[in-house]
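Because only heavy atoms are used, hydrogens play no part in the values below, and waters and symmetry mates are left out as well, while side chains stay in. Sequence lines set the chain letters: A, B, ... in the order given, protein chains first and strands last, and positions in each chain run from 1.
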Protein chains: 2
Amino acid sequence: MGRMVALCRRRGVPVTAQRRAVLRALAGRRDHPTAERIHAAAAARLPGMTLATVYRVLAALERLGVARRVAHDGTGARFEIAEGAHHHLVCLSCGRILDLRDPALEALALPAPRAAGFHVQEVSIQFRGLCRPCRRKQPARERRRR
Amino acid sequence: MGRMVALCRRRGVPVTAQRRAVLRALAGRRDHPTAERIHAAAAARLPGMTLATVYRVLAALERLGVARRVAHDGTGARFEIAEGAHHHLVCLSCGRILDLRDPALEALALPAPRAAGFHVQEVSIQFRGLCRPCRRKQPARERRRR
DNA sequence: TTGTATGCAAAAGGTTTGCAATGAT
DNA sequence: ATCATTGCAAACCTTTTGCATACAA
């Protein structure tokens, strides 16, 4: 939070109540909420706040490097606080995205592919499978659906 | 292609001209096209084909295990032929997704996280950065935008 | 013949934008 | 005072769906 304020000051962009609210809504969660969920949480503290504003604020926070849009294969973008490199566990059944911070993985030296002149800036690993709740529900049959 | 036909027969689902067309459009490309691009390509061979059908066919191909929806952080899903495990190079500037097949990466034993009872089924690594064309265009400033 | 797939058009998300008013610095 | 941001509502884009028809097996 202080981080965002500092970054805003430095870049001369206004620190609004909406930006605080969205950041707070995002910082409080570990489940990579959708814009709509963020809106719900933020609007609870700041009634009257629009979903459109949430999208604009998220874009602003991304520009500041405070928030990040995570890669997924479902519908509706997911967001997270951008702090440190980490990887994701993605549930194929419910779409939930969990953080995975594993020193062993960080230590791992991934071969940096120079394929076709591509210049790598970030690496992120996605482990897809079933989260515990879904694993219990499904007897191990059928798969996927948002 | 023969693979899809065989799978269809086995499961008793019809092999239609549209399914062939979409599969052909997808098999011919290495750039993980959006549904709309696939539609354009498929409709060239099969005039009158609808975008709605492309979506339904893609869903069917996914069910058959012939096509796959790839994770991304932009708007509009991207698709690929599902053959063998491989990883992706994602361009932060133009959104292009390139395949990366690296034996060294396959050989790499990734620590399988049993975090919170999560059951891993697939692993995919995303290398994000700039593809060669974008790297030339941009003097290394600004970032992102579909 | 039977059941699924397709075309068409409409609906349902999710995300963006123009404009006037509001607010931060 | 000045310029970016917000609310509101409409526009946009992507994806899904109902229904009658067409088609594969």
To the nearest Å, give me how far apart [atom1] ([X]) and [atom2] ([N]) are.
{"X": "B/R19", "N": "D/dA24", "atom1": "CZ", "atom2": "C1'", "value": "10 Å"}
{"X": "B/H72", "N": "C/dT15", "atom1": "NE2", "atom2": "C1'", "value": "14 Å"}
{"X": "A/F79", "N": "C/dG14", "atom1": "CZ", "atom2": "C1'", "value": "10 Å"}
{"X": "B/D73", "N": "C/dT15", "atom1": "CG", "atom2": "P", "value": "12 Å"}
{"X": "A/M4", "N": "D/dT5", "atom1": "CE", "atom2": "P", "value": "12 Å"}
{"X": "B/M49", "N": "C/dC8", "atom1": "CE", "atom2": "C1'", "value": "14 Å"}
{"X": "A/L58", "N": "C/dT15", "atom1": "CG", "atom2": "C1'", "value": "11 Å"}
{"X": "A/Y55", "N": "D/dG7", "atom1": "OH", "atom2": "C1'", "value": "16 Å"}

Practice prompt. Output yes when at least one side-chain N/O atom of B/T53 is less than 4.0 Å from OP1 or OP2 of C/dA5, else no.
Written response: no
Fill in: Contact under 4.0 Å: B/T16 side-chain N or O vs C/dT6 OP1/OP2
yes
Report the nucleotide, chosen from [options], that has the shortest atom-to-atom distance to any side-chain atom of [X].
{"X": "A/A52", "options": "D/dG7, C/dT17, C/dT6", "answer": "C/dT17"}
{"X": "A/A77", "options": "C/dG14, D/dT6, C/dT15", "answer": "C/dT15"}
{"X": "A/P14", "options": "D/dT6, D/dA4, D/dA24", "answer": "D/dA4"}
{"X": "B/T50", "options": "D/dA24, D/dT5, C/dG7", "answer": "C/dG7"}
{"X": "A/Q18", "options": "D/dG7, C/dG14, D/dT5", "answer": "D/dG7"}

Discussion item. Using heavy-atom distances to pick each residue's nearest nucleotide on DNA chain D, tell me which of B/E36 and B/A17 is more 5'.
Written reply: B/E36
Discussion item. Let me spell it out: for each of B/A35 and B/V13, pick the nucleotide of DNA chain D with the closest heavy atom. Which residue's pick is nearer the 5' end?
Written reply: B/A35
Response to the item:
Heavy-atom nearest pair, A/D31 first then A/R29, reads OD2-NH1, 2.8 Å
Worksheet item: Reckon B/R56 touches a base, only the sugar-phosphate, or nothing at all at heavy-atom distances under 4.0 Å?
Response: base
Practice prompt. For A/G12, report the nucleic acid contact type (base, sugar-phosphate, nothing); a contact means any heavy atom under 4.0 Å.
Written response: nothing
Fill in: salt_bridge(A/E62, A/R68) N-O dist < 4.0 Å
no
Discussion item. Working to the nearest 0.5 angstrom, can you tell me the gap between B/R135 CZ and A/H119 NE2?
Written reply: 5.5 Å
Worksheet entry | Geometric class of the A/H88/A/H32 ring pair [parallel <30°, tilted 30-60°, perpendicular >60°] | perpendicular
Discussion item. Are A/V90 and B/F118 connected into the same hydrophobic cluster when the rule is that any two of I, L, V, M, F, W, Y join if their side-chain heavy atoms are below 4.5 Å apart?
Written reply: no
